[in-house]
There are 2 protein chains.
Amino acid sequence: GPPLFGTMAIIGPGLIGSSLLRRARTSGWLAEKLVAIDHAPQVLARVRELGLADMVTSSLAEGVREADLVILCVPVGAVRETALAAIAHMKPGALLSDVASVRTTLGPEITAHLPPDIAYVPVHPMAGTEHSGPDAGLADLFENRWCLVVPPEGTPAEAIRKVEAFWQRCGARTREVTDSYHDQICAMVSHLPHFLAFTICETADRLSGDLRSDVLEFAASGFRDFTRIAASDPVMWRDIFLANRDILLATLERFQTEVDKMATALREEDEQAIMTRLEHGRHIRKSLIANRQA
Amino acid sequence: GPPLFGTMAIIGPGLIGSSLLRRARTSGWLAEKLVAIDHAPQVLARVRELGLADMVTSSLAEGVREADLVILCVPVGAVRETALAAIAHMKPGALLSDVASVRTTLGPEITAHLPPDIAYVPVHPMAGTEHSGPDAGLADLFENRWCLVVPPEGTPAEAIRKVEAFWQRCGARTREVTDSYHDQICAMVSHLPHFLAFTICETADRLSGDLRSDVLEFAASGFRDFTRIAASDPVMWRDIFLANRDILLATLERFQTEVDKMATALREEDEQAIMTRLEHGRHIRKSLIANRQA
Ligand SMILES: NC(=O)c1ccc[n+]([C@@H]2O[C@H](COP(=O)([O-])OP(=O)(O)OC[C@H]3O[C@@H](n4cnc5c(N)ncnc54)[C@H](OP(=O)(O)O)[C@@H]3O)[C@@H](O)[C@H]2O)c1
Ligand SMILES: NC(=O)c1ccc[n+]([C@@H]2O[C@H](COP(=O)([O-])OP(=O)(O)OC[C@H]3O[C@@H](n4cnc5c(N)ncnc54)[C@H](OP(=O)(O)O)[C@@H]3O)[C@@H](O)[C@H]2O)c1
């Protein structure tokens with residue numbers, strides 16, 4: 001088929017942004033012309049070296065001016081400011097999107113400043129690695145992964161349809177959800193696990209002397225898996241935690257309730273209660289494998 | 001070199017036990033004759049089919065009678081009872097060992113029943129997978145992994161030396177530690193991570209209706225890593241949690257303190273405190289990689 005868009009501009013060609021550029025380079029039917037925008041000269045130089053875009057610029061105004069689709073792929077903490085700056089220079093009829101991992105606190109702030117002739121269809125591709133920057137991107141990063149689509153109320157159906165088609169052409173499965181439902185899901189499947197993983201590393205770091213160094217030395221597989229999660233970029237996670245603060249704290253509270261129940265079962269040596277809880281854990285794992293996401 | 005032992009008897013040829021048998025089959029210098037003992041006929045039949053031992057029996061008395069080295073590889077909950085049964089039939093001068101993941105509550109109970117002419121040198125190989133049974137074993141499971149050696153006070157140095165040499169010939173690095181130091185390390189690097197992983201799965205399982213099924217559906221990488229840990233055998237982990245109850249609960253308390261501090265930093269939007277904590281997490285990860293255990 002013909003490309004979905006004429007010109008596509010990616011702001012922040014890091015892990016996610018450069019994956020989209022790579023995908024568009026290899027498939028051709030996403031967009032005719034590719035623009036990469038970043039504030040960092042070394043990022044732009046690297047994008048040029050890798051040949052990921054037809055136009056590479058540090059000027060937001062210049063980069064978005066002719067774009068039919070603008071996708072913000074900057075860190076969560078920079079999305080709002082960058083969106084408002086981009087909107088001011090986008091042409092009428094153009095489509096704005098972002099890929100930020102948190103929605104409830106972000107979406108309404110951008111929607112409030114949206115001119116009537118620009119549609120805003122943010123998404124969250126549920127894919128990633130613990131690496132970042134333009135070298136970390138992969139053309140097939142989104143293959144068979146979910147991409148949640150989170151349009152504000154009143155967004156034209158045609159704009160939503162085009163963005164869904166775009167992500168499907170990137171290999172993803174799409175699903176429309178509301179802001180707050182999105183943030184509840186992500187608090188459970190991603191933000192809380194990262195919160196706990198960072199915290200278990202912190203706990204180990206605070207052990208004293210020999211025990212601390214031996215814990216590092218003897219780290220068995222359980223601990224290694226945790227630290228792999230905690231290897232992710234601290235700035236990114238600080239911003240995600242802050243942006244999804246209320247829902248994350250509520251999810252943490254649910255988790256703490258379960259921790260307390262399990263600790264009580266253990267303290268009282270209630271073998272049956274412990275067993276039931278451990279079997280639930282296994283059950284969830286089996287469901288995941290059945291869903292072919294594991 | 002010549003084999004370290006004449007006859008080696010493995011009680012419970014599951015993941016760990018059959019890995020030792022496989023190693024002894026491929027290297028030859030561990031033991032001359034291999035005996036496999038189990039209570040389950042289907043396990044014995046499988047060990048025979050795989051050709052892992054020279055003698056396969058369901059009789060503990062028969063199996064250990066001529067053994068120079070007896071290694072208990074049964075689940076934590078069965079170690080004490082099986083050890084006492086084995087001791088009654090072992091020959092003078094023989095060596096008893098086990099591989100249980102918990103020590104403080106187990107060691108003294110066995111030591112109390114030990115005749116003076118049998119040495120007891122338990123170990124804990126820090127290696128494993130989430131699989132179990134005789135088919136799960138691997139000849140190189142212990143390669144480059146740590147094996148903690150936890151002899152009771154007063155154990156003859158020669159017995160300790162022989163057991164360390166045995167594990168080194170299995171590819172492991174050995175280190176002597178005390179009961180309680182061992183249990184503190186394992187509470188942090190293995191038992192607490194498993195406790196949390198099972199509990200996060202339980203938390204997800206208790207979500208209501210749509211959210212629960214969508215969480216399973218959209219599980220991102222953070223959650224997947226957790227569920228992988230929680231895929232381990234519930235009976236094994238119930239027994240480990242119970243056997244290391246006090247130290248595990250104390251380690252959990254330390255963890256909870258850090259969770260509370262992180263939650264407070266988040267509630268107060270204290271960016272600096274959040275950042276410092278997240279960076280510690282990354283730091284621990286880097287130390288692990290430096291230790292080449294990751
Ligand atoms: N990583 C994941 O697993 C994942 C998954 C789904 C969604 N997301 C979302 O994707 C977005 C990007 O994440 P990523 O992992 O791709 O990060 P990344 O690899 O660090 O890429 C971000 C890029 O944006 C640039 N940038 C930062 N601030 C900017 C600004 N104000 N103006 C223009 N460019 C700026 C960065 O350059 P400098 O580094 O030089 O500042 C970098 O090139 C985030 O919103 C994140 O929530 C991430
Ligand atoms: N898995 C790990 O990651 C790991 C790591 C280090 C140490 N360990 C320790 O290694 C030991 C064994 O664990 P594993 O993972 O190898 O378990 P496994 O694969 O389930 O093997 C245990 C074997 O012992 C048999 N068994 C159970 N009760 C018995 C009894 N009363 N008498 C004789 N045989 C009995 C089992 O047969 P049935 O299944 O038919 O009962 C099975 O063949 C545990 O003490 C564990 O703490 C495990």
Side-chain angles (χ1 to χ4, degrees), chain A residues 126 128 146 184-185 188-190 193-194 196 198-205 211 214-220 222-231 234 237-238 241-242 245 249 252 254-255 258-259 262-263 266-267 269 271 274-275 277-282 284-285 287-288 291 293-294, chain B residues 126 146 184-185 188-190 193-194 196 198-205 211 214-231 234 237-238 241-242 245 249 252 254-255 258-259 262-263 266-267 269 271 274-275 277-282 284-285 287-288 291 293-294:
Chain A
M126 311 278 277
W146 279 103
Q184 282 180 64
I185 287 173
M188 188 71 228
V189 305
S190 171
H194 279 85
L196 299 175
F198 279 110
T199 306
I200 205 169
C201 289
E202 176 81 31
T203 309
D205 199 43
L211 188 56
D214 282 334
V215 156
L216 292 184
E217 190 65 42
F218 299 128
F223 194 58
R224 284 220 310 286
D225 286 341
F226 270 76
T227 61
R228 206 171 66 71
I229 302 180
W237 283 101
R238 179 200 61 194
F241 290 165
L242 285 168
R245 192 185 63 156
L249 287 171
L252 176 63
R254 280 171 177 276
F255 172 75
E258 300 307 322
V259 168
M262 181 69 154
L266 189 53
R267 209 171 286 115
E269 305 191 54
E271 297 199 7
I274 297 172
M275 207 47 204
R277 304 189 138 256
L278 298 185
E279 271 164 357
H280 277 170
R282 245 244 287 232
I284 286 275
R285 169 69 184 175
S287 312
L288 265 186
N291 286 348
Q293 286 275 320
Chain B
M126 310 277 279
W146 279 105
Q184 283 179 65
I185 287 173
M188 188 71 228
V189 305
S190 170
H194 278 86
L196 299 174
F198 279 110
T199 306
I200 204 169
C201 289
E202 175 82 31
T203 309
D205 198 42
L211 187 56
D214 281 334
V215 156
L216 292 185
E217 189 65 43
F218 299 128
S221 64
F223 194 57
R224 283 219 311 286
D225 286 342
F226 270 78
T227 62
R228 206 172 65 72
I229 302 181
W237 284 101
R238 179 200 61 194
F241 291 165
L242 285 168
R245 192 184 64 156
L249 287 171
L252 176 62
R254 279 171 178 277
F255 172 75
E258 300 307 321
V259 168
M262 181 69 154
L266 189 53
R267 209 171 286 117
E269 304 191 55
E271 297 199 7
I274 297 171
M275 207 48 204
R277 304 190 138 255
L278 298 185
E279 272 163 357
H280 277 169
R282 248 247 280 236
I284 286 275
R285 169 69 184 174
S287 311
L288 264 188
N291 286 349
Q293 287 275 320

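Just so it is clear, the values below take in all heavy atoms, side chains as well, and ignore hydrogens, waters and symmetry mates. Residue numbering restarts at 1 for every chain, and letters A, B, ... go by the order of the sequence lines. On a predicted model such as this, the values are computed, not experimentally measured, just so you know.
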Approximate separation, where rounding is to 0.5 Å, of L216(B) CG and I185(A) CD1: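 Spacing of CG (L216(B)) from CD1 (I185(A)) equals 10.5 Å.
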Go through the atoms of [X] and report whether side chain, backbone, both or neither lie under 4.5 Å from a heavy atom of chain B.
X	value
L249(A)	side chain
L196(A)	both
L266(A)	both

Toward chain A, the part of L242(B) with a non-hydrogen atom under 4.5 Å: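 For L242(B), backbone and side chain are both near chain A.
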Between L252(B), L211(B), I274(B), the one whose heavy-atom pairs under 4.5 Å with chain A are most numerous: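 Option with the greatest count: L211(B).
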Out of [options], return the one with the most heavy atom pairs under 4.5 angstrom to chain B.
options	answer
M188(A), H280(A), E258(A)	E258(A)
R267(A), E271(A), R254(A), R245(A)	R245(A)
E202(A), R238(A), Q184(A)	E202(A)

Geometric class of the H194(A)/W237(A) ring pair [parallel <30°, tilted 30-60°, perpendicular >60°]: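 Because their plane-to-plane angle is under 30°, the rings of W237(A) and H194(A) count as parallel.
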Validation row: R277(A), F198(B) side chains within 4.5 angstrom (heavy atoms): no
Minimum-distance pair of heavy atoms, taken over all atoms of V189(B) and F218(A):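 For V189(B) versus F218(A), the nearest heavy atoms are CG2-O, 4.1 Å.
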Exercise: identify the closest heavy-atom pair between L278(A) and P234(B): CD1-O, 3.2 Å
